A.B. asks: 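Sending over a structure as structure tokens; questions will come in a sec.
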Amino acid sequence: MKIAFAGLGVMGAPMARHLIEAGHDVTGFNRTASKAEAWAAAMGAKAAATVAEAARGVDLFILCVGNDDDVRAVVTEALPHLSETAVIVDHTTTSAKVAREMAELANGQGRSFIDAPVSGGQAGAENGQLSVMAGGDAAALAKVEPVLKAYSKAIKHMGPAGSGQLTKMVNQIAIAGVVQGLAEAVHFAQVAGLDTDAAYEAVSKGAAQSWQMDNRWKTAAKGEFDFGFAVDWMRKDLGLVLDEARTNGARLSLTALVDQFYAEVQAMGGNRWDTSSLAARLQPRD
């Protein structure tokens with residue numbers, strides 16, 4: 001299968017690498033051309049100067065870019081150049097609205113569009129262990145699923161276009177609440193004078209256990225917040241969640257509160273800190 005991959009950032013570059021290591025013919029594109037060229041040189045692959053060039057004649061066009069506007073621009077430019085039966089897979093976290101728009105646009109030109117946001121962060125991309133939640137035509141997903149397994153540990157079809165993005169919103173809602181609880185637990189242990197490592201050992205084997213606790217408790221207790229998914233990205237995602245909730249009537253009081261806590265972290269200069277930096281706003285400040 002001839003593949004193009006647009007968006008060779010911290011997530012896209014390792015995902016595209018896994019495709020090449022699996023034996024696929026991959027052309028890379030990035031808006032910053034030097035990134036695409038460096039990736040291509042490292043991988044022994046091809047870099048395209050434009051989206052149109054990357055898309056020309058490919059059977060599978062994958063993108064992992066920034067936001068709704070980026071997805072619209074890339075998909076619109078790519079569509080006329082794809083093979084007649086091509087599938088577009090979008091790993092960007094976007095609104096469900098834009099996913100539905102792009103699916104309608106692609107279907108109108110005889111192609112398929114799958115909204116397929118991922119969970120697992122930079123480490124999941126590097127290790128090929130991402131979880132993919134997909135919306136769109138089930139047959140189109142089945143056609144490309146063997147390829148996506150190069151960097152995925154789980155792929156779940158959730159329903160029609162937009163369903164993948166809605167499921168990613170569920171994921172981010174759950175993470176927001178868990179990370180805030182973790183931040184407060186670490187803070188309480190510190191204020192109470194407990195040995196935080198011992199407290200972790202005591203509570204992490206019971207009902208309080210979570211991925212966030214296992215992977216972020218000790219670093220948060222040390223004030224270390226350089227471990228992947230950035231606060232700026234989380235606020236973008238929570239903005240999408242809250243916009244959707246205003247439309248569908250979901251009541252997300254905790255999510256809205258945690259979003260404001262992340263705004264405080266940004267005001268502290270923590271835009272690029274990882275999401276566990278909610279703990280930073282509870283630490284004593286001069």
Side-chain angles (χ1 to χ4, degrees), residues 1-48 51 53-55 58-68 70-71 73-75 78 82 86-94 99 102 112-136 140-158 164-165 167-168 171-172 227-230 233-234 236-237 274:
M1 185 174 286
K2 189 177 179 183
I3 302 170
F5 201 111
L8 299 171
V10 295
M11 298 291 289
M15 294 162 76
R17 169 175 57 81
H18 286 298
L19 292 172
I20 289 174
E21 291 173 347
H24 298 292
D25 177 11
V26 182
T27 298
F29 168 80
N30 200 79
R31 284 181 299 185
T32 303
S34 58
K35 284 188 177 181
E37 291 163 1
W39 172 85
M43 293 292 99
K46 296 167 288 186
V51 171
E53 180 186 341
V58 303
D59 307 300
L60 173 58
F61 187 90
I62 303 173
L63 61 156
C64 188
V65 291
N67 55 37
D68 283 24
D70 296 329
V71 170
V74 171
V75 172
L82 300 172
V87 177
I88 301 169
V89 174
D90 179 24
H91 290 309
T92 314
T93 297
T94 70
M102 294 302 97
S112 299
F113 178 92
I114 304 294
D115 55 292
V118 300
S119 181
Q122 185 176 350
E126 293 282 358
N127 297 324
Q129 293 292 299
L130 293 169
S131 294
V132 180
M133 44 217 89
L141 177 62
K143 177 181 175 181
V144 300
E145 187 169 343
V147 178
L148 305 186
K149 286 182 178 178
Y151 47 76
S152 308
K153 67 177 179 180
I155 301 170
K156 178 67 175 177
H157 183 244
M158 296 302 302
Q165 296 298 346
T167 307
K168 179 63 181 284
N171 186 79
Q172 302 305 73
F227 299 96
F229 197 73
W233 300 342
M234 187 60 160
K236 180 208 109 177
D237 290 1
D274 72 69

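Only a predicted model underlies this, so the values are computations on that prediction, with no experimental measurement involved. Just so you know, residue 1 is the first one in the sequence shown, and it goes up from there.
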A.B. asks: Looking at Val132 and Ser152, what are the two nearest heavy atoms and their distance?
C.D. replies: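 Here Val132 and Ser152 meet closest at CG2-OG, 3.3 Å.
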A.B. asks: Suppose we screen for side-chain hydrogen bond (donor to acceptor under 3.5 Å, both in side chains). Which residues come up paired with Asp237, at least two apart in sequence or across chains?
C.D. replies: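 Testing Asp237 for side-chain hydrogen bond (donor to acceptor under 3.5 Å, both in side chains), a comparison that skips the adjacent residues, returns Gln172.
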A.B. asks: For the residue pair His24 and Phe5, is the inter-centroid distance of their aromatic rings smaller than 6.0 Å?
C.D. replies: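 Between Phe5 and His24, which both carry aromatic rings, the centre distance is not below 6.0 Å.
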A.B. asks: Measuring from Thr93:OG1 to Lys168:NZ, what's the distance to the nearest 0.5 Å?
C.D. replies: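 That separation rounds to 3.0 Å.
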A.B. asks: Could you tell me which residues satisfy side-chain hydrogen bond (donor to acceptor under 3.5 Å, both in side chains) with Lys236, sequence neighbours excluded, listed by chain and number?
C.D. replies: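 side-chain hydrogen bond (donor to acceptor under 3.5 Å, both in side chains) list for Lys236, sorted by chain: empty.
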A.B. asks: About how many Å separate CG of Asn127 and NE2 of His18, when rounded to the nearest 0.5 Å?
C.D. replies: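 One finds 6.5 Å between NE2 of His18 and CG of Asn127.
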A.B. asks: Taking side-chain hydrogen bond (donor to acceptor under 3.5 Å, both in side chains) as the definition, give me every residue that meets it alongside Asp25, ordered by chain and number, with sequence neighbours left out.
C.D. replies: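 Scan of Asp25 (side-chain hydrogen bond (donor to acceptor under 3.5 Å, both in side chains), adjacent residues dropped) gives Lys46.
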A.B. asks: With the side chain counted from C-beta on, respond yes when His91 and Tyr151 share a heavy-atom pair under 4.5 Å apart, and no when they do not.
C.D. replies: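 Yes; the side chains approach each other to less than 4.5 Å.
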A.B. asks: State, with a plain yes or no, whether a side-chain heavy atom of Phe61 is found less than 4.5 Å away from one of Val51.
C.D. replies: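 Yes, at least one pair of side-chain atoms sits under 4.5 Å.
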A.B. asks: Search all heavy atoms of Ala47 against all heavy atoms of Ala36 and return the closest pair with its distance.
C.D. replies: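 It is CB-O, 3.6 Å.
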A.B. asks: So, taking the atom named CE in Met133 and the one named CG in Asn171, what distance separates them when rounded to the nearest 0.5 Å?
C.D. replies: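 With rounding to 0.5 Å, CE (Met133) is 5.0 Å from CG (Asn171).
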A.B. asks: Can you measure from CG (Leu82) to CD1 (Ile88) and round to the nearest 0.5 angstrom?
C.D. replies: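 Leu82 CG to Ile88 CD1: 5.5 Å, rounded to 0.5 Å.
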A.B. asks: Rounded to the nearest 0.5 Å, how far does CG of Leu148 lie from CG of Leu130?
C.D. replies: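 Separation between the atoms: 10.5 Å.
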A.B. asks: Applying salt bridge (Lys or Arg N to Asp or Glu O under 4.0 Å), name anything that partners Asp59, two or more places apart in sequence or on another chain.
C.D. replies: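 For Asp59 there are no salt bridge (Lys or Arg N to Asp or Glu O under 4.0 Å) partners, ignoring immediate neighbours.
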A.B. asks: By the salt bridge (charged side-chain N to carboxylate O under 4.0 Å, His left out) test, which pairs, at least two apart or in different chains, include something from residues 141-158?
C.D. replies: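 Checked against salt bridge (charged side-chain N to carboxylate O under 4.0 Å, His left out) - neighbours excluded - no pair reaches residues 141-158.
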A.B. asks: Do Val147 and Met1 have side chains that get closer than 4.5 Å, going by heavy atoms?
C.D. replies: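 With C-beta onward as the side chain, the pair touches.
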A.B. asks: Do you know which two heavy atoms are closest between Gln165 and Asp115, and how far apart they sit?
C.D. replies: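 Where Gln165 meets Asp115 most closely, the heavy atoms are N-OD2, 3.1 Å.
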A.B. asks: Answer whether the closest heavy-atom distance between the side chains of Thr92 and Asp70 falls below 4.5 Å.
C.D. replies: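 No, too far: nothing below the 4.5 Å cut-off.
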A.B. asks: Which pair of heavy atoms, one from Thr94 and one from Asp68, lies closest together, and at what distance?
C.D. replies: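 Shortest heavy-atom separation between Thr94 and Asp68 comes out as CB-OD1, 3.1 Å.
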A.B. asks: Please examine the side chains of Thr27 and Val58, heavy atoms only from C-beta on, and report whether any two atoms are closer than 4.5 Å.
C.D. replies: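 Result no, sub-4.5 Å side-chain heavy-atom pair not found.
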A.B. asks: Sequence neighbours left out, what passes side-chain hydrogen bond (donor to acceptor under 3.5 Å, both in side chains) with Glu21? Give chain and number order.
C.D. replies: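 Checked Glu21 against side-chain hydrogen bond (donor to acceptor under 3.5 Å, both in side chains); matches are Arg17.
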A.B. asks: What I'd like to find out is whether the side chain of Trp39 reaches to under 4.5 Å of the side chain of Asn30, using heavy atoms alone.
C.D. replies: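 When only atoms from C-beta onward are counted, Asn30 and Trp39 do not touch, as no gap falls below 4.5 Å.
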A.B. asks: Show your reasoning for whether side-chain contact (heavy atoms from CB on, under 4.5 Å) applies to Val144 and Ile62.
C.D. replies: CA-CA 10 Å; Val144 300; Ile62 303 173; over 6 Å; no
A.B. asks: If you compare all heavy atoms of Met11 against all heavy atoms of Ala125, which two are closest, and at what distance to 0.1 Å?
C.D. replies: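 Minimum heavy-atom contact is O-CB, 3.8 Å.
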A.B. asks: Decide yes or no for Asp90 and Met102: does some side-chain heavy atom of the first lie under 4.5 Å from some side-chain heavy atom of the second?
C.D. replies: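 They are not in side-chain contact.
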A.B. asks: For the residue pair Val89 and Ala116, what are the closest heavy atoms and their distance?
C.D. replies: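 Answer, listing the atom of Val89 first, then Ala116: CG1-CB, 3.8 Å.
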